[in-house]
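To keep things clear, I will list the structure first and then write my remarks on it.
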Amino acid sequence: MTLREEAGRATVLPRQFPTNRGGLCQKGWTAAELLDHPERLTTPLLRDPAGELRPASWAAALDRIVTGLRAVQQGHGRDAVAVFGGGGLTNEKAYALGKFARVALRTRHIDYNGRFCMSSAAAAGMRAFGIDRGLPFPLADLGRADTLLLVGANPAETMPPLVRWLTEQRERGGRLIVVDPRVTATARQADLHLQPLPGTDLAVANALLHIALTEGWVDREYVAARTTGFEAVRRSVAGWWPARAEALSGAPVADLEATARALGTAERVIILTARGAEQHAKGVDTVTAFVNLALALGLPGRPGSGYGCLTGQGNGQGGREHGQKADQLPGYRRIDDPAAREHVAGVWGVPADELPGPGVPAYELLDSLGTPAGPKALLVFGSNPVVSAPRAARIEGRLRDLDLLVVADFLLSETAALADVVLPTAQWAEEDGTMTNLEGRVLRRRALRPPPPGVRTDLEILADLTARLKVQGRAPSYTENDRKVPFLAPPGRGGADASDPRVVFAELRRASAGGIADYAGVSWERIDERDGVFWPCPAEDGPDTPRLFADRFATPDGRARFHAVEHRPAAEEVCAEYPLHFTTGRVLAQYQSGTQTRRVAALRRAAPEAFVELHPDLAARLGVDDGEPVRVVSRRGEFSAPARLSTAIRPDTVFAPFHWGGAARANSVTNDAVDPVSGMPEFKICAVRLERVDEP
């Protein structure tokens, strides 16, 4: 999209582009309202001795941060400082944040909120295909699929421009099947909707593969030529006859058989998963079960067919590729791989043995803050864990226990309101950079206007902090209005301007070269010429890769890996005290933790408050009328919101969106049990009880 300013008012204009073809959702149309929002931060804030946040100069704010970081590390070691990033940061900022943590701070503790979004699908993709790219094929393939299976995905509300491809698919005579515990806006468009109990998708996937085997729809030639491990999977799904899956999930045998038939007999088939399947303590295994199904049907690598994951944040793909994950270096390299460490250390000009080792995943990191063995200081960029983390009240308490909390944001989020130092940052229309979409297509984001006076970009903030951390005993020479602060490294460690996104991207290209996510051949000029460049792209004069797996997978032997996985119960099952299943999700007019969208007038009108969705039969048993306040209580906490009666939800399940904080914070009750492979928390199911709220 582009920006037009008339009479002092910014307006968003759509842009014709291959992925959205000029379409924007309501959040996109109204995004410009935030650029000049009266609540926007335009000066740093420091917490005074009385506990109030007060305006301060940049020099005072940076001095406070550097003094605090040095004191913490001198008293408790380098790992006593942690960094928390976000899936909405540009590639340049995600890369710079990882480098800042490991070179300037020399801490192993860095992770990001994308751990709460795509990490289970990423881990499943890596172990099956040797690579993690949301869609290993262009988005346009969705419109050409004869059968499209969406598992735990509701793009009609979460990614409205994508629905154009679903419409095209239906108009071509394609069949859309949705697996979701709720009758969502997407499910209402489907030819077939399976409505299983939350947490039972893995059983559904194994049953679908069982049926495909029984009916002879497995592509045995493909399996023999392009995969390994199928025999163990064949044995593991032998016991998942449809009636067993129906008894566990509630999905009728007839619907399971119809789904398997639509998948097994169509020419072009795509299977997509999203948060509903992935945000579980068994999310990696659940996604793996659907990958097994896709491989057994011979889908990956065939034009118009395959498996893919719908990403959940603005730079959900690129944000997980270049170093802000706990176990990762740029290019999707593993930080515990000696060859990867040597390569990246060479680009950074540091000895490989000086790079820290792996950190811990996001929830484990957040839950350790302020504890005797955990970090005592935290820097947050592009995230609001007070609202978005599971067991949020506990995480809020951990943040309050820190010696130093620094938050960079352009609005005072619930997390920023707890900070000792708040730094005002630039908005999307005020900085250059790149993003990578769910197809692996690297895109340009262009600055359309300068930031307001007093506001800096995240890259400038990181450059400022690095400079001050590296200059012992004195601050670098610069004026308050000078944003071009040089990157001051220790002697012999380089000196590029790390506040310039073009310079940072050039270094990112070198650091990613030869890695799984190889950007070496991607330049800003090439992106502009071609409406984006698909990674891997090793050479500027060579091809990029819109479609993966045509000839081989990214494994040592070129074969995809089957993995036998078994259904297991949710980490927390219902009982007499907590008899209902609780699940969370999004609504059309709000986004993530709501820091931005809850401040846009049109979006507030469309979705003014949180709600608890429950079936009328359940409401009748509780004596609750539509619109009356109810309290949702789990073993971890509670929240309250008006009841919304709907037959779209199962009678044994309640739903709430997670965009609101305070008393309506849905993540106060969610489970902090995590997937042992990905570190993904179990957002999508926990046990709760529902209570009437009699007082106003």
If you measure from the Lys or Arg side-chain nitrogens to the Asp or Glu carboxylate oxygens, is any gap between [X] and [Y] under 4.0 Å?
| X | Y | answer |
| --- | --- | --- |
| Arg182 | Asp180 | no |
| Arg275 | Glu278 | yes |
| Asp141 | Arg268 | no |

Ignoring hydrogens and angles, tell me if any N or O in the side chain of [X] forms a donor-acceptor pair with the backbone of [Y] under 3.5 Å.
| X | Y | value |
| --- | --- | --- |
| Arg456 | Pro451 | no |
| Glu157 | Thr184 | no |
| Asp132 | Gly125 | no |

If you take all heavy atoms of [X] and [Y], which pair is closest and at what distance?
| X | Y | answer |
| --- | --- | --- |
| Arg226 | Pro300 | NH1-O, 3.9 Å |
| Ala101 | Val83 | CB-CG2, 4.0 Å |
| Ile461 | Ala408 | CD1-CB, 4.4 Å |
| Ala513 | Ala520 | CB-CB, 3.8 Å |
| Arg586 | Thr158 | CD-CG2, 3.8 Å |
| Gln592 | Phe658 | O-CE1, 3.6 Å |

Please check if any side-chain donor atom of [X] sits under 3.5 Å from a side-chain acceptor atom of [Y], or the reverse.
| X | Y | answer |
| --- | --- | --- |
| Thr288 | Asp285 | no |
| Gln590 | Thr597 | yes |
| Thr425 | Asp409 | no |
| Ser120 | Ser678 | yes |
| Glu414 | Asn384 | yes |
| Thr415 | Ser413 | no |
| Tyr95 | Glu507 | yes |

Determine whether [X] and [Y] make a side-chain contact, defined as any pair of heavy atoms from C-beta on separated by less than 4.5 Å.
| X | Y | result |
| --- | --- | --- |
| Arg526 | Arg530 | yes |
| Thr670 | Gln279 | no |
| His563 | Arg127 | yes |

Practice prompt. Please determine which of Met435, Arg320, Lys93 meets the side chain to side chain contact (heavy atoms under 4.5 Å, CB included) test together with Asn315.
Written response: Met435

Discussion item. Taking the six-membered ring of Trp524 as reference, does the cationic atom of Arg444 (NZ for Lys, CZ for Arg) lie under 6.0 Å from its centre and within 45° of its axis?
Written reply: yes

Discussion item. Looking at Glu342, I want to see if its CD is surrounded by more than 12 non-hydrogen atoms of other residues, nucleotides or ligands under 6.0 Å.
Written reply: no

Worksheet item: Would you say Asp551 has more than 12 foreign heavy atoms packed within less than 6.0 Å of its CG?
Response: no

Worksheet item: Are His322 and Tyr519 near enough that their ring centres are under 6.0 Å apart?
Response: yes

Worksheet item: Are the aromatic rings of Phe549 and Phe129 close, with centres under 6.0 Å apart?
Response: yes

Discussion item. For Asn91 and Thr434: C-alpha separation, side-chain torsions, deciding distance, then whether side chain to side chain donor-acceptor pair (under 3.5 Å) applies.
Written reply: CA-CA 6 Å; Asn91 293 322; Thr434 61; 3.0 Å; yes

Fill in: From Arg333 atom CZ to Asp327 atom CG, the distance as rounded to the nearest 0.5 Å
14.5 Å

Discussion item. Distance check, rounded to the nearest 0.5 Å: Thr545 atom OG1 versus Trp535 atom CH2?
Written reply: 9.0 Å

Practice prompt. Assign the ring pair Phe116 / Phe683 to parallel, tilted or perpendicular, where the plane angle (0 to 90°) is split at 30° and 60°.
Written response: perpendicular

Discussion item. Set out, in order, the CA-CA distance, both residues' side-chain angles and the distance that settles side chain to side chain donor-acceptor pair (under 3.5 Å) for Asn667 and Thr584, then state yes or no.
Written reply: CA-CA 8 Å; Asn667 276 321; Thr584 65; 5.2 Å; no

